[in-house]
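The structure appears below as structure tokens.
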Amino acid sequence: MPIDPFDLGSVDESEAARPTGGIAARAMAAVEAPYLKKLNHEQRRAVENVDGPSLILAGAGTGKTRVLTTRLAHILHTRRAWPGQILAVTFTNKAAREMKERIGAIIGGAVEGMTWLGTFHSIGAKILRRDAELVGLRPDFAILDTDDQIRLLKQLIKADGIDEKRWPARQLAGEIDGWKNRGITPNNVSAADAQSYANGKGVEIYAEYQARLKILNAADFGDLLLECLRLFQENPDVLSSYRERFKYMLVDEYQDTNVAQYLWLRLLAGNAGNIACVGDDDQSIYGWRGAEVDNILRFEKDFPGALVVRLEENYRSTPHILNAASGLIAHNQGRLGKTLRTSETEGEKVQVKSVWDGEEEARGIADDIENLQRKDHKLNEIAILVRVSSLMREFEDRFVTLGLPYRVIGGPRFYERREVRDGLAYLKVTAQPDNDLAFERIINTPKRGLGNVTVQKLHEFARAQGISLTRAARALVETDELSKAARKSLGELLDNFARWRSLIDGLPHTELAEMILDESGYTSMWQNDKAADAQGRLENLKELVNSMGEFENLAGFLEHISLVMDVQTAETSDMINLMTLHSAKGLEFDTVFLPGWEEGLFPHQRALDDSGNAGLEEERRLAYVGITRARKLAKISFTSNRRIHNLWQSAMPSRFLDELPEADVDIESASDTYGGGSFGQSRFNEDVFEANYNTPGWRRAQSHQAANPAPKSRFGSSPVLEGELATSEFSDTSTYRLGERVFHDKFGYGAIAAIDGNKLTIDFEKSGRKRVLDSFVARH
DNA sequence: CTGGAGGATCTTTTT
DNA sequence: GATCCTCCAG
């Protein structure tokens, strides 16, 4: 509800007088603005201390967004700044959108004046466009996405004679992104970093790549920040104009900032900046894409005298859920430390359940959901949070079988689908004739006889002449350089583009888009495709054209989609929510299922291998994020057997399970984790096991286990039968004796505690009691 | 230049 | 299991 008595929407920003937060205004504010009444003591401190740097540590469910938006409203209300003088940055478009909506709800129309509210990248792009020439670009530069980036790098790698098999472009793209995230230009890549790709050649290509971008008049996502930094550093006058403009700065999710963003913020904030950063070090889960938890841990050093407010009153979860999450996260070393509390007293314990395999896990969770549904639990209020998206499949299969409605959040995004990207490429070439990457994408899609040979010739010519591909094509069509067929085909394509281009101003852009897709043959390409998904692709193309309707013209649409890759969906029907732990951050549900808590999967082996203890701590934060999404009930499960890449692996319970405080956890004893069950047996055969025990992951897990023997687990002690192979090829009675010491490839050394036919129960020294087949152990 | 076969690979995800 | 990529025969 708009409550602003000053009607900021009508204030004329151009008038000479600037709001100074004068005595009168402050006095009015002191009369206790209504929006302040809804806040608790800590929140109020965070809102009212608007001058000077402050760090707001907002634990999960402590009203972070409310504080952020109220603080903004407070600045406006007390007339300390105009809407256009506040810089407010978020990470995602979704967050920016939400913030805008919520501020709008407090201050009304004045939110439209907040022109500097947006993501780091969109604000970076805006700043760059204003002074593009100063960094060697034109104001209409194109923004490349990851796909374009990789295709461009491939060309450079090939041109440099590097074996692309050995050194994939994707890897170099990752390295370059990493450098850009850390604010590193080609000139100051460290020697050690440089070695990581093609014996140091990576840096040369990085430099070539930057040069190419300038020629193409393009910037990638990293450049939107990195080039901004250069702009500020090389042009003090530009920097100071922005410093003067931004009276107040707000940063959301500060724990996710990377070095480049950090430098960007510091430059803009200056020494005495009124900068407020909101974040939670315990929810930093994006280290793998450059986020530096260190930024938040170091805040007080960076901004001496900063006010630090901890929001610890949790309004979301029950005490057991909070305690379980707190107990878990307490195992991390590098944290600022917060203790969440709640005034609630009731609630169920966190449940932990052990199951045989992924199928049983999905079945169990689906059963639970049906039971909840009978008790009128909304499906919308249920979420399943998985570590990796490949785990979603089992659940989807089960839900489809049962007819339970569900939605996948995250997942492959609309603008990343092939057909949408192709369609966009046609539009881009029409609007931006020199967009080489877009042109190359569709030059032979649909097939029109313009293959590698032709494209290579165009490239050579374009490079030699220093012109773009379409210009090169235009020139070569007039000559005999190309084969007759290619010449004809290319000529037609160019004529088409010229015609479409001439219609840009004459035809509504949605109609033009339809025309382009039809006349280029792109639509019929999919119409003639017999593949099952062709129909869906055609619908996506329609949707693409539809979505253009909201924009004024083609150029405006293209600018929007290069920065906003997500599509806002107004999904209202009642469905189960299925997503990765990463995309769950910021959301909350009454009931949350957390499947797949197994060593190697969660914590993920790759995180441990790549980043060691830091990786482990990030995984633990991810677990913390998962548990704290739940308001009333959290159900964790793990399997004994997991199929990964179509290979069966036996799994150990996640170490995180042992880190949950016992008092807050209920262990649901394994229904049928081993032996005798009606399922599971037939899935195993010796081949699978052979394969299993030889995978790299397996060996890795073993060496890891040997290096850090896990403490005896409350969960690991339930016996697990390794492969139910009780068939004729094994003797019925084992030749082993009770008490004999044996060695098992996976579990290590142990003593035989019981013998049942060819099944042995063994007390392993490192992994507790297991049931295994005698053929998997050796006498020691 | 095209299409199909065979091979390698496979966290997380935003902009 | 699925996808993406390369290689080779037509």
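- Within the 4.0 Å cut-off from OP1 or OP2 of dT14(B), not a single side-chain nitrogen or oxygen of Asn93(A) is found.
- The side chain of Phe221(A) lies closest to dT15(B) when the candidates are dG3(B), dT15(B), dT12(B).
- Within the nucleic acid shown, Lys585(A) has no heavy atom closer than 4.0 Å to any nucleic acid atom.
- For the pair Ala486(A) and Gly222(A), both in contact range of DNA chain B, the more 5′-proximal nearest nucleotide belongs to Ala486(A).
- Across all strands, Ala125(A) comes closer than 4.0 Å to no nucleic acid atom at all (heavy-atom distances).
- Residue Ser389(A) is classed as a sugar-phosphate contact, given heavy-atom separations below 4.0 Å to backbone atoms only.
- Taking atom CZ of Arg418(A) as the reference point, atom C1' of dC5(C) lies 13 Å away to the nearest angstrom.
- Counting all heavy atoms, side chain and backbone alike, Gly626(A) lies closest to Leu581(A) at CA-CD2, 3.6 Å.
- Here dC5(C) presents its C1' atom at 13 Å from CD1 of Ile150(A), a figure rounded to the nearest Å.
- For Ser583(A), whose side chain is taken as the heavy atoms from C-beta onward, the closest listed nucleotide among dC1(B), dT15(B), dT13(B) is dT13(B).
- The side chain of His604(A) lies closest to dT11(B), out of dT15(B), dT12(B), dT11(B).
- The nearest whole Å value for the distance from the NE2 atom in His121(A) to the C1' atom in dT15(B) is 4 Å.
- The separation between Trp648(A) atom CH2 and dG1(C) atom P is 11 Å, rounded to whole Å.
- Exactly one residue among Asp147(A), Asp145(A), Asp148(A) makes a salt bridge (charged side-chain N to carboxylate O under 4.0 Å, His left out) with Arg441(A). That residue is Asp147(A).
- Geometrically, Arg620(A) does not engage Phe656(A) in a cation-pi contact defined by less than 6.0 Å to the ring centre and at most 45° from the axis.
- Nucleic acid contact for Asn444(A): sugar-phosphate only, since backbone atoms but no base atoms lie under 4.0 Å from a heavy atom of the residue.
- With its glycosidic angle more than 90° from 0, dT12(B) is assigned anti.
- Contact annotation: Arg606(A) reaches the phosphate of dT11(B) (side-chain N/O to OP1 or OP2, under 4.0 Å).
- Across the protein-nucleic acid pair, Glu394(A) atom CD and dG1(C) atom C1' stand 12 Å apart, rounded to whole Å.
- Ring geometry for Trp597(A) against Phe602(A) counts as perpendicular: the plane angle is over 60°, on a 0 to 90° scale with 30° as the lower cut.
- The two residues Leu328(A) and Tyr624(A) make their nearest non-hydrogen contact at CD2-N, 3.8 Å.
- Protein atom CZ of Arg621(A) is 17 Å distant from nucleotide atom P of dT13(B), rounded to whole Å.
- One can place CZ of Phe91(A) at 16 Å from P of dT13(B), the figure rounded to the nearest angstrom.
- Between the P atom of dT12(B) and the CG atom of Asp610(A) lies a distance of 13 Å, rounded to the nearest Å.
- Two residues are said to be in side-chain contact when any heavy atoms from C-beta on lie closer than 4.5 Å; Ile329(A) and Arg621(A) meet this criterion.
- Nearest nucleotide to the side chain of Lys447(A), out of dT13(B), dT2(B), dT11(B): dT2(B).
- Counting only heavy atoms from C-beta on, Thr454(A) has its side chain closest to dC1(B) among dT15(B), dC1(B), dT11(B).
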